[in-house]
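Counting starts at 1 for both ligands and their atoms, in listed order.
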Amino acid sequence: MKEKLLITAALPYANGPLHFGHMAGCYLPADCYARFNRLCQKEVLFICGSDEYGIAITLSAELAHRSPKEHVDYYHALNINLFARLGISFDHYSRTSWEGHIPVVQQFFLDLYQNGYIEERDSEQLYSSKEKRFLADRYVVGTCPKCFYEEARGDECPNCGGNFEATDLIHPRSKLTNSPLTLRSSRHWYLLFDRFQERLQEWIKKKRWKANVMHFVENYIQDLKPRAITRDSDWGVPLPFAGAEKKVFYVWFDAPIGYISATKEWAEKIGKPDEWKKYWLDSTTNLVQFIGKDNIPFHAIFFPAMIMGQNVSYKLVDELPANEFYNLEGKQFSKSSNWFIDVDDFLHTFHLDQLRYTLAANAPENQDSEFTWQDFFMRCNVELVGKFGNFAHRVLTFIQQNAAGKTPHCFALEEEDKVFLETTSHLMQEAKQNFEKFQLRKVAQIFIEIASLGNQYFDQQKPWKLLKNGDMRSRLQTILYLCMESLKSLAIVSYPLIPTTAEKLWYFLGFSTPIIKTGWEEGKKKRLQEGTLLPYPERLFPKIEPNQIEKEKKKLLDMTKQDLSLEPFKEEVDFSAIEALDLRIAEVIKAEKIEEKTKLLKLEIDLGIEKRTIVSGIAKFYSPEALIGKKVVVIANLKPKKIRGIESQGMLLVATNGKLIKLPECESMPAGSVIS
Ligand code: MF3
Ligand code: ZN
């Protein structure tokens with residue numbers, strides 16, 4: 001029976017575009033592993049999908065002025081497209097908001113409940129009277145209880161790195177409206193993780209995961225506590241009973257179950273609705289879960305514990321390749337601070353396999369690593385062109401020009417030929433072992449070593465010299481044949497990393513069945529068909545010009561400057577121009593959106609002496625609720641102007657850098673105060 005392999009890659013949140021960092025750390029390694037195992041003719045199922053619930057989603061949807069549904073629809077589609085363009089070969093890409101996910105999650109909960117692993121507790125949660133809702137950690141800011149930094153987040157302090165509960169914050173306030181929060185009792189369901197401690201310990205002991213993962217996990221298990229698996233929200237998987245309205249499961253409870261529901265969706269899609277059981281309910285399946293290091297506790301502890309509490313025996317994870325982080329030129333990738341590479345742009349200029357190779361060769365396996373343009377340049381030109389592409393090109397064009405463009409014949413082998421073949425075959429074997437151990441950096445290195453070996457052999461044998469010597473015809477044929485053998489190995493080894501290029505090379509070698517259909521071992525054994533008319537070869541990779549790299553570096557730097565590109569100063573004015581302006585403090589008494597989609601707000605303000613209506617374009621940055629009661633600065637003697645049919649009697653002053661808008665602070669001054 002074929003070995004069954006269920007490969008998953010962490011379900012990415014559908015709240016932003018994925019970048020090279022995610023690719024190098026998780027999705028590309030998972031893809032190479034899936035492709036490698038398909039090539040080894042294993043029965044592979046490669047599953048992923050969007051993680052669409054939770055506070056990370058509702059918060060970023062709110063900031064983007066979209067409903068959570070609109071938000072995840074947008075990013076789900078965007079990321080599917082991105083994965084497709086990066087050649088990530090999922091067998092199925094699902095999403096946690098599909099209806100079939102709900103019953104699976106609810107059943108997980110019910111099993112845990114029945115088996116005594118769930119406890120109801122009432123606890124004090126932060127409540128916003130202004131927003132009329134409980135606020136999750138991520139919606140809360142306040143003063144750090146450890147270092148007294150005033151802008152601490154609900155779960156963590158960026159200043160001292162401290163971890164705590166949002167309820168520990170001093171002066172907690174709403175991140176969105178800045179309004180103060182109070183404690184209110186709310187009922188939640190807790191999963192008693194501590195009850196699984198022994199079973200987890202027994203199970204973990206037998207794992208041979210990376211040292212850093214083992215170390216982390218072993219420590220973590222020592223101190224397991226019950227954790228709330230429900231939240232006050234209306235975006236998520238609902239609880240399976242009445243009396244829990246406006247409560248949903250915590251996203252880290254539902255998301256990992258998404259691996260199972262996604263497999264069910266896949267099974268439905270292929271018309272064999274029970275096929276998922278072949279993977280999840282069969283102990284002979286090998287479950288390999290690719291993740292980034294920040295996901296370790298959820299995959300190594302929480303999800304396994306959830307599974308241990310089920311009435312059905314689902315597969316527990318077998319391998320957990322958790323990678324470190326991947327940065328860009330020394331800094332974290334970040335869309336918001338304009339420190340990223342646009343994938344569209346990139347693939348417009350460069351070849352996908354140049355990217356896949358660079359990310360694999362440089363994957364953050366044992367420590368953080370980074371994409372640099374210099375490294376990309378070097379890998380493309382020195383390794384892909386200089387070693388691999390060059391070897392393929394010189395062999396294949398030599399055959400076109402001097403051997404009638406046909407696969408040469410292999411005659412008797414000399415000692416050096418045997419050494420060449422054996423060394424290559426040995427390296428291939430080593431590459432295979434490294435694929436199995438998730439060591440892509442090493443695989444990439446071996447791939448280039450095989451190419452270098454080929455180049456050396458070609459140089460030593462000097463086939464161009466043999467051309468002049470009629471007696472050496474058979475020797476020349478043998479040498480070229482062996483060079484083609486080496487190219488064959490290169491195509492096989494590189495297929496999981498650079499599938500398009502590998503298949504192209506395979507075709508240039510005269511094969512009509514693609515590598516992926518041929519298989520690793522079959523391909524290795526398969527003889528080149530002597531005498532086959534070969535297609536005319538093209539170069540596998542273009543050379544990159546230094547100025548292309550300079551251009552890219554400049555583009556990156558220019559993007560960050562954009563952020564800071566402040567307007568130049570205006571012309572000097574006389575003092576009279578200042579005197580003419582009547583700037584005042586006003587208090588906002590009413591605020592409403594003019595139309596749902598515009599950035600305009602209609603404000604009613606109190607200037608002490610009188611009340612006025614002002615239209616202001618700040619809806620993207622301030623919700624109406626956040627403004628009520630706030631002091632603002634207005635120009636009080638501006639001629640009234642009609643905006644969208646409303647007479648605006650003045651103008652609000654804001655601070656802006658062209659992207660962000662913030663109101664100046666003047667809370668302590670009474671309305672009507674003059675600014676001079
Ligand atoms: N969405 C999470 C992240 O991006 C990963 C979820 S993995 C799953 O960090 F196991 F929960 F599915
Ligand atoms: Zn702190």
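Because its NZ or CZ atom is not both nearer than 6.0 Å to the ring centre of Y279 and within 45° of the ring axis, K315 does not count as a cation-pi partner of that residue. Taking the ring centre of F46 as origin, the terminal cationic atom of R38 falls outside the region bounded by 6.0 Å and 45° from the ring axis.
Aromatic pair F290/F438: ring centres closer than 6.0 Å.
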May I have a table of the N/O to N/O pairs between ligand 1 and the protein that fall below 3.5 Å, each row giving the two atom names and the distance to 0.1 Å?
unit_1, atom_1, unit_2, atom_2, d
ligand 1, 1 (N), L11, O, 2.7
ligand 1, 1 (N), D51, OD2, 2.7
ligand 1, 9 (O), N295, ND2, 3.2

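Partners of D31 under the salt bridge (charged side-chain N to carboxylate O under 4.0 Å, His left out) rule, at least two apart in sequence or in another chain, are R35, R356. Residues satisfying the salt bridge (charged side-chain N to carboxylate O under 4.0 Å, His left out) test with R227, not counting sequence neighbours, are none.
Remark: the N212 side chain and the E324 side chain contain an N/O donor-acceptor pair separated by less than 3.5 Å. Between the side chains of Y93 and S50, at least one donor N or O sits under 3.5 Å from an acceptor N or O.
Under 2.8 Å from the Zn ion (ligand 2), one finds the following protein N/O/S atoms: C144 SG, C147 SG, C157 SG, C160 SG.
Environment of NZ in K269: crowded, with over 12 heavy atoms of neighbouring residues, nucleotides or ligands closer than 6.0 Å.
With salt bridges taken as basic N to acidic carboxylate O contacts below 4.0 Å, one links R85 and D344.
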